[in-house]
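Have a look at the structure below, then the notes.
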Amino acid sequence: ADGKISDGIVKIGVLTDMTGAYSDLAGPGSLAAAQLAVEDFGGKIGNAKIVVVSADHQNKPDVASNIARRWIDEEQVDVIVDLVSSSTALAVMPVAAAKKRITLLSGPGSDPITGEKCTPYNVHYTYDTYAMAHGTGKAVVETGGKSWFFITADYVFGRTLEEDTMSVVKASGGKVLGNVRAPFPTTDFSSYLLQAQSSGAQIIGLANAGADTINAIKQAHEFGVAPKQSLAGLLVFISDIHSLGLDTAKGMYLTTAFYWDRDDASRKFSKRFFERTKRMPTMVQAGVYSEVMHYLNAIKATGTDDADAVMKSMRDTPVNDFFAKNGRIGPDGLHRHDMYLAEVKAPNESKQPWDYYKIVKTIPADQAFPPLSESKCPLVKK
Amino acid sequence: MSRDPAAPRADPAGGARSGATPSATTEPLWRRRIFWAYALMVVLGLVAPYVVYPDFAMNVLCLALFASAFNLLLGYAGLLSFGHAAFLGAAAYAAGVVTRDLGLPTEAGLLAGTAVATLMGLVFGLLAIRRSGIYFAMITLGFAQLVYFLAVQLPWTGGEDGFQGIPRGRLLGVVDLGHSFSMYYFTYAVFLGGFWLIHRTIDSPFGHVLRAIRENEPRAVSLGYDVARFKLLAFVLSAALSGLAGSLRAIVNQFAALPDLHWHTSGSVVLMTLLGGLGTVMGPSVGALLVASLEYKLASFGSWVAVITGAVFVASVLAFRRGIVGEVRALVKRSF
Amino acid sequence: MTGVSAFTPSHELLRVAGLHAFYGESHVLHGIDLQVAKGELVTLLGRNGSGRTTTLKAILGLVGKRSGSVMVNGRETIGLPPHRIVHLGLGYCPEERGIFASLTAEENLLLPPPVTSGGMGVDELYRMFPNLAERRRSPGGRLSGGEQQMLALARILRTGARLLLLDEITEGLAPVIVQALGRAVRALKERGFTVVLVEQNFRFVAPLADRHYLLEHGRIVDEIPAAALEARTEQLHRFLGL
Amino acid sequence: MDDVILETRRLTKEFAGFVAVSGVDLRVRRGAIHALIGPNGAGKTTVFNLLTKFLEPTAGTIHFAGKDITRTAPAAVARMGVVRSFQISAVFPNLSVLENVRVALQRTLGTAYHFWRSPRTLQVLDDRALELLEAVDLAAFRDTIAVELPYGRKRALELATTLALDPELVLLDEPTQGMGHEDVGRVVALIRKVAARRTVLMVEHNLSVVADLCHRITVLQRGSVLAEGPYDEVSRDPRVLEAYIGGAA
Amino acid sequence: MTQALFGQLLLGLINGSFYALLSLGLAIIFGLLNVVNFAHGALYMLGAFLAWIGLTRFGVSYWVALIAVPLVVGALAIGVERTMLRRLYGLDNLYGLLLTFGLALVAEGVFQNAYGISGNSYPVPEALRGGVRLSFMYLPLYRAWVVLVSVAVCFASWFVIERTRLGAYLRAGTENPHLLQAFGVNVPLMFTITYGYGAALAAFAGVMAAPIYQVTPMMGSSIVIVVFAVVVIGGMGSIVGSIVTGLGLGLVEGLTKFFWPQAASAVVFLVMALVLLVRPAGLFGRER
Ligand SMILES: Nc1ncnc2c1ncn2[C@@H]1O[C@H](COP(=O)(O)OP(=O)(O)OP(=O)(O)O)[C@@H](O)[C@H]1O
Ligand SMILES: Nc1ncnc2c1ncn2[C@@H]1O[C@H](COP(=O)(O)OP(=O)(O)OP(=O)(O)O)[C@@H](O)[C@H]1O
Ligand SMILES: [Mg+2]
Ligand SMILES: [Mg+2]
């Protein structure tokens, strides 16, 4: 580092949903994760101080892009982190790219982020819809859940998740017995559950997210879906399980990029995170720590905060830390790493607070994420 | 409270009424004041991008136009629409389709957005205009929800991802609007046009009849005015201008997204109008500036946006119903 | 002329002293003084806008702000809310009749809670106003103007109020009905009711009243006992612009 | 001059089983001042509402100047020249007196929907509006906000507004109700002036006003026509005496 | 097929009973105070949240909460009425709508800040766990309970308002409170109690909902708009209208979920548009 860092400061902007629908899975926890990463890094790169700023985009893309513009133009923010909710991510990415600033996404999952809408300055770090669908679909079929019925949120995200999972289920030798498209948002799932029950499928796939998933799981419990049928949540975070309680959620399958109690490294990070926030990290929050660390390491390695150089270094260096095994960032910006299939424990199996998952299977990076050859990103040279 | 039609109706425009609408013929002094207010506004608008962040200023202009269009309906026709987000949002999507997917120029996008909102205004209006007061509010809210659900479900809207990547294009094929300043002045010009039209409408022969209808509807009928048509025209005009604001905003921001259609946006435009001053010409713009700044500033504070917005609502309803502009005007009037 | 003369020191039911009343910022009554003895019928006369209605409302506490003194049956009411004042035995028949449009005629009739025992029975009232019996199931808002007026009067007779404040009860009524009302008011008086009557229709009140107060610009400007009426008719006509 | 301008045949209105107006045949001659009287609840206001289409008749027809207007919309009826006043005073409370009248005149310009036009285009109406105000003694109040007028003046303003439309047939519902005596005189004079060039149909309880003004009288009772004829004749009709006027009038 | 249909209808009825409870409260408040209570959803949320807080912090059982929470929320609402809403009577009812809208934002925001967004689970009370296996579906006991109780509460409220003296006061008070007061009725108190009662009904619905839906700060804001539509369809201010329409729309929604699930959330608004075309005052509304 010899003054190649513009204005002598590395400024990290955590732009996330502080109060809205995603504030539990990202939000203040994402900010805490970024701050932890900076502290662990030492707070400085050479003489340049590392500073973290944050803002609430309220899930409004216009607010997000306005903040991003101001950060870049007036506050010399070098990198924008998290961007939970795909609409804000997709709104900020081109703004940042046009000004040669890096975006490190952890919260959103939409496939076009690294597909049609990819930019050269973006990293999609934690998960995407494809990974959730493929992970859960394939792994559940392999563990014996052959016949499926889908309850799908009727909008692009839900439908993509459903279609992806269906094709994986079929490709892995499972059967799809039916599906029902519920409007988004829905609070009462009882009639959809009734349809799922009468289909007789072994697995009820929940192709939805957030409050919808939570209500669906809760009501599945009420209507006595188990033990005849199991649920597979296609996008479930540990914060959701925490608010549902194990009694309600037990036996459900889900895919995750991170579980705090998986190995020593993850436990060590999570304990510290817990001390700060009184919650265990979600995969999004752990992803924020890991991606910020990776970014800072890249600056350190290149000695500059020039976006092109940093991006190149980030792509060239594999990620191997408590979060990611065999992680690699492709030219489309997608970070491909191992994912895990988890089953939610029953209350009597849980030994301590937040002891929620049994990791059933590791899904290797090349199965979890779409191969580069299928990428719709124009930046990928084929 | 009273439903007796003879009882003087409580006035949503607060003090905005008496004396605020002097007969055009008799008060040159008033005319002159308005002229200066306009002049001040024009100048402020011209220097704004040098003082504040242009992208922010553009958003404020779009919202100000939106709120002014809304005020045309509520402040002057006495109709509270709680579904105005539908026009803002639908126009934004329409402008997006025309410019991004059909590749037509920016101007066409604005026209298309305005046209779509006008059409929607006509359809909703035909159904809703038969009721007034709270019914009208609820019905418009219901229709707006329908539009929202549609936008969530239709495949081409991008659902929760939003409709991204709308090009700013070139003005008349020449001026590159990708540049913040040129985009700003274009936005500003459109705003001024829309604002002028609204002001003109309020004072026009049509505006006079509209006010009469609001004051005493059966009497207006007995004078031979087809009140439903007047209200409908006001509604359609307001929808069209909201559409203009929405499509302009889509081009400024380069995307359209679901929050534009959400009923919170419909609530927020009421807040802007109320805060600035219902039934005043400048009020809604002032309100838009305030609300937008609030959102913008609170963003870095973190988490209390909803609470503070709510509190502002409560405070303005309880403490200054006339809104900022209305209060200032009352103050000025009292002290002279 | 039956009844008590103005100056007999009989029991005083209502004493108003220095009453001021305001609607918002406009000052409408400027110190009204009047007394009404038990069983007396007095009228408030004056031109439009002189403040007669407002006087009645101010007695009941229905104006925005009031000051001065209003004693009902020896009790100061200036600080009481309207619903408490009424329970001292007042009945009010408002100028615009105040029929509740969404209640049926009968519900309207039964609505006001009794303020003393001894109100008239429903049957008796229906006999007094046969039109009402016929329309008892119709919503109040659908009654004709005259029917509404009758209902408004009947309504307070049921509550047992002994002091009636009646505002323009002949307004918009057919002559036959006016005559019927005249008989009704006379009957009430004979039964010992105390009445404060606001009227435009001088022909209607002249034979009924014991005393007349003349109002102008929110002030009592004169007081004419019934006995002196004949002598001062000319003056009165001029005052009222007859 | 036996030219009938307004004619109803078997006009009937039922409200949920209650017949408010039943089989009324009404003929109003052009240029006449015609009174509709009757006890309270006889259906006078309802007839007005039917004539101006504020209510839809249950049965029967209405012809105005030879045209069947039974199914015409209220505003259209007004535009044909049938203009009413209301039983309760109907002004535009927060417009100035001048503006009240001008709003009525505005229709003649044909620019009522023109939202792009300058308010200055309305100034051409000011002279005519003042003339009308002059006629009802309100010229001095031209810039007063209507709500601030005393009651009698409001009725006068309402009349001026009605006249602004230059209607062929004016329907007045109790024009003197709630007026002081001096105002009654003024309004009677005004109505007489107005009626010089047009037809007036009025509901009125003040019999001296009726006697004074009206050429012809129709008495309604319980929704049907009880009697019809000139005042002197009708006022002596024993049925009318019993049902309406009573012994002492 | 018919079996499944039965199931859907029954579920529809259950949802309908929530609509009925909520729209009843809204209709009472609108009918009597002429206030469009936008805070209704927030009060419902508050009911559910207080039940949850009571259970987890203080060990208050469901049964106690069912009575206590509506009382607490009712009292709170009375405070709101006394300090704020009261000042808006006599103004255009637009202001009441906006005030309660603001209050709803505040309440939701505060709970979001305090308890996060994902919400919390409230267990079904012991006595109502499990269910019965009907020929066409598995019916959780708790849901059956919901229908019974809601219908009973709705009927009782209707009876009071339409058939008693108190009800006549309430209706008269809506039209002309000053005059009613001039007859010796304590109108301000009446209004206060009415608002409190409407709010308590919402909170009651909230407690009932807690074991079924996730208790989240936003749970009210999604349902309140539907309930508004219910009230409009029923005819604003009509008590019978709101109850019947609430139940009826639950059924319609149930059917839609079966035949055309995508449209389930829009169907209420479609019905609204249709009804208003045919009967502008709503099914049970009076033309004013
Ligand atoms: N609600 C009100 N707000 C403001 N001023 C009012 C109000 N009601 C009455 N006034 C004014 O108070 C004065 C007295 O009115 P009031 O109604 O007492 O007169 P009145 O003698 O009963 O006449 P009327 O024959 O019109 O009934 C009038 O100048 C009137 O304009
Ligand atoms: N909308 C309605 N619904 C039901 N009944 C009505 C309606 N309008 C009027 N009526 C009834 O029709 C009858 C005639 O009423 P209308 O108002 O025409 O009487 P009117 O002759 O004008 O009496 P008044 O001189 O007292 O004003 C009354 O009995 C009234 O109750
Ligand atoms: Mg009076
Ligand atoms: Mg009448």
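Both backbone and side-chain heavy atoms feed into the values below; hydrogens, waters and symmetry mates do not. Numbered from 1 within each chain, the chains take letters A, B, ... in sequence-line order.
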* Does the ring center of B/Tyr148 lie less than 6.0 Å from the ring center of E/Phe269? -> no
* Is the centre of the E/Phe228 ring less than 6.0 Å from the centre of the B/Trp263 ring? ->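 That pair fails the under 6.0 Å test.
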Side chain, backbone, both or neither of [X] within contact of chain B (heavy atoms, under 4.5 Å):
| X | value |
| --- | --- |
| E/Leu103 | both |
| E/Thr100 | neither |
| E/Met84 | both |
| E/Ala229 | neither |

* Test salt bridge (charged side-chain N to carboxylate O under 4.0 Å, His left out) applied to E/Arg87 - qualifying residues, sequence neighbours left out -> none
* **Heavy-atom proximity to chain E below 4.5 Å, by part of B/Val314** => both
* To do: With a 4.5 angstrom heavy-atom cut-off, could you sort out which part of B/Leu80 is near chain E: side chain, backbone, both or neither?
  =>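 Side chain of B/Leu80 only, per the 4.5 Å heavy-atom cut-off to chain E.
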* Check the pair E/Phe101 / B/Leu271 against side chain to side chain contact (heavy atoms under 4.5 Å, CB included), numbers first and verdict last. => CA-CA 10 Å; E/Phe101 179 63; B/Leu271 179 60; over 6 Å; no
Tell me, do [X] and [Y] make a side-chain contact under 4.5 Å, heavy atoms counted?
| X | Y | result |
| --- | --- | --- |
| B/Gln145 | E/Val226 | no |
| E/Leu88 | B/Arg321 | yes |
| B/Leu74 | E/Leu94 | yes |

* Measure across E/Gly102 and B/Phe313 and return the closest heavy-atom pair with its distance rounded to 0.1 Å. => CA-CB, 3.6 Å
* To do: Kindly compute the distance separating CG (E/Leu98) from CG (B/Leu275), expressed to the nearest 0.5 Å.
  => 11.5 Å
* Asked: Which distance, rounded to the nearest 0.5 Å, do you find between the CG of E/Leu270 and the CG of B/Leu146?
  -> 5.0 Å
More than 12 heavy atoms of other groups within 6.0 Å of [X] [atom1]:
| X | atom1 | answer |
| --- | --- | --- |
| B/His262 | NE2 | yes |
| E/Arg86 | CZ | yes |
| B/Trp156 | CH2 | yes |

* To do: Go through the steps to decide whether B/Met138 and E/Leu97 satisfy the test side chain to side chain contact (heavy atoms under 4.5 Å, CB included), and finish with yes or no.
  => CA-CA 11 Å; B/Met138 292 301 128; E/Leu97 186 154; 4.0 Å; yes
* Asked: Relative to chain B, which of E/Ile225, E/Val106, E/Val110, E/Val36 shows the most heavy atom pairs under 4.5 Å?
  -> E/Ile225
* In terms of heavy-atom pairs under 4.5 Å with chain E, which of B/Leu127, B/Ile139, B/Thr309 leads? ->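 Most heavy-atom pairs within the cutoff with chain E belong to B/Ile139.
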